[in-house]
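Protein chains get the first letters and strands the later ones, always in sequence-line order, with residue 1 at the start of each. Since the model is a prediction, treat every value here as computed from it, not as a measurement. Only heavy atoms go into these numbers, but all of them, side chains included; no hydrogens, no water, no symmetry mates.
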Amino acid sequence: MGRAPCCDKMGLKKGPWTPEEDRKLLAYIQQYGHGNWHALPSKAGLRRCGKSCRLRWANYLRPDIKRGKFSLQEDETIIQLHALLGNRWSAIAALLPKRTDNEIKNYWNTHLKKRLTKMGIDPMTHKPKNHALGCDQAKDFANLWHMAQWESARLEAGRG
DNA sequence: AACGAAAACAACCGCTCGCGT
DNA sequence: AACGCGAGCGGTTGTTTTCGT
């Protein structure tokens, strides 16, 4: 059986990571870095595919990650960035340096989308669904949306 | 106290893109 | 120029935790 394992074929582990696996991956990357995800698992003594290792590192083990609850400010930033960029989670995460795309995506899908919907904002367009002009909250978000449009225009103009 | 439903969180999958050959 | 391979991305599914009955 001297054939190089092609990701799916051989007995590669899937599912949740154990503390043991985390330690191995962390230790390896701290010592050698991650030049080559494909080759990494066997070097690090892990029965995982490189993809799985990369994901685990990027979303959990990387040192520059802030874990835990999102602050109110982060909420607003994410909402604004989503208005600007749409579902480009990696782009959004790049502007929230301590958060991962996966975490932001999950947070958006489970919390923010619903919250916006409840407030009468369409989470896709970020526009108010009803034009309740007397409602302060709706005004706030209309204003926010307006600001987002400006930022979007500026980004477009400055791109290059 | 026990069970089922819903939410929150973690990880996987398929696809595309970019790079090297 | 075409192809193959690996990395990264976004959508989706699976698993754990919390909540309501």
* Among the nucleotides dG8(C), dA11(B), dC9(B), which one has an atom lying closest to any side-chain atom of W17(A)? ->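 Of dG8(C), dA11(B), dC9(B), dA11(B) is nearest to the side chain of W17(A).
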* If you check every side-chain atom of N36(A), which of dA7(C), dC12(B), dA7(B) has the closest atom? ->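 Closest nucleotide among those given: dA7(C).
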To the nearest angstrom, how far is [X] atom [atom1] from [N] atom [atom2]?
X	N	atom1	atom2	value
E103(A)	dG10(C)	CD	P	16 Å
N59(A)	dG14(C)	CG	P	19 Å
Y107(A)	dA7(B)	OH	P	16 Å
H38(A)	dG4(C)	NE2	C1'	12 Å
W37(A)	dC5(C)	CH2	P	21 Å
I104(A)	dA10(B)	CD1	P	14 Å
R99(A)	dC9(C)	CZ	C1'	20 Å
R56(A)	dA7(C)	CZ	P	19 Å

* Residue mapping more 5' on DNA chain C - nearest nucleotide basis, N87(A) or G35(A) ->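 Looking at the nearest nucleotide for each, G35(A) comes out on the 5' side.
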* **5'-most by nearest nucleotide on DNA chain C - W89(A) or P16(A)** =>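 Result: W89(A).
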Quick one: does [X] reach the base of [N] with a side-chain donor-acceptor pair under 3.5 Å?
X	N	result
K105(A)	dG11(C)	yes
N106(A)	dA10(B)	yes
K14(A)	dG14(C)	no
N102(A)	dA11(B)	yes

Side-chain N or O of [X] closer than 4.0 Å to phosphate OP1/OP2 of [N]:
X	N	result
S52(A)	dA11(B)	no
R88(A)	dC9(C)	no
S90(A)	dG8(C)	no
H34(A)	dA7(C)	no
W108(A)	dG10(C)	no

* To do: Please state whether the rings of F70(A) and Y107(A) are parallel, tilted or perpendicular, taking 30° and 60° as the class boundaries.
  =>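 Geometry flag for Y107(A) against F70(A): parallel rings.
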* Asked: Parallel under 30°, tilted from 30 to 60°, perpendicular over 60°: which one fits the rings of W89(A) and W108(A)?
  ->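 W89(A) and W108(A): tilted rings.
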* Taking NZ, NE, NH1 and NH2 as the nitrogens, is one of them in E21(A) or K13(A) under 4.0 Å from a carboxylate oxygen of the other? ->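 Result for this pair is yes, salt bridge flagged.
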* Under 4.0 Å between any heavy atoms, over every strand shown, what does R54(A) touch: base, sugar-phosphate, or nothing? Just pick one. =>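 Here R54(A) touches the bases of the nucleic acid.
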* **Check: R48(A) side chain, P41(A) main-chain N or O, donor-acceptor pair, under 3.5 Å** =>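 Such a contact is absent between R48(A) side chain and P41(A) backbone.
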* Stepwise, does the side-chain contact (heavy atoms from CB on, under 4.5 Å) test hold for L81(A) with I104(A)? -> CA-CA 11 Å; L81(A) 289 174; I104(A) 292 172; over 6 Å; no
* Asked: How about D75(A) and H111(A): does a side-chain donor come under 3.5 Å of a side-chain acceptor?
  ->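 H111(A) and D75(A) do not have a side-chain donor-acceptor pair below 3.5 Å.
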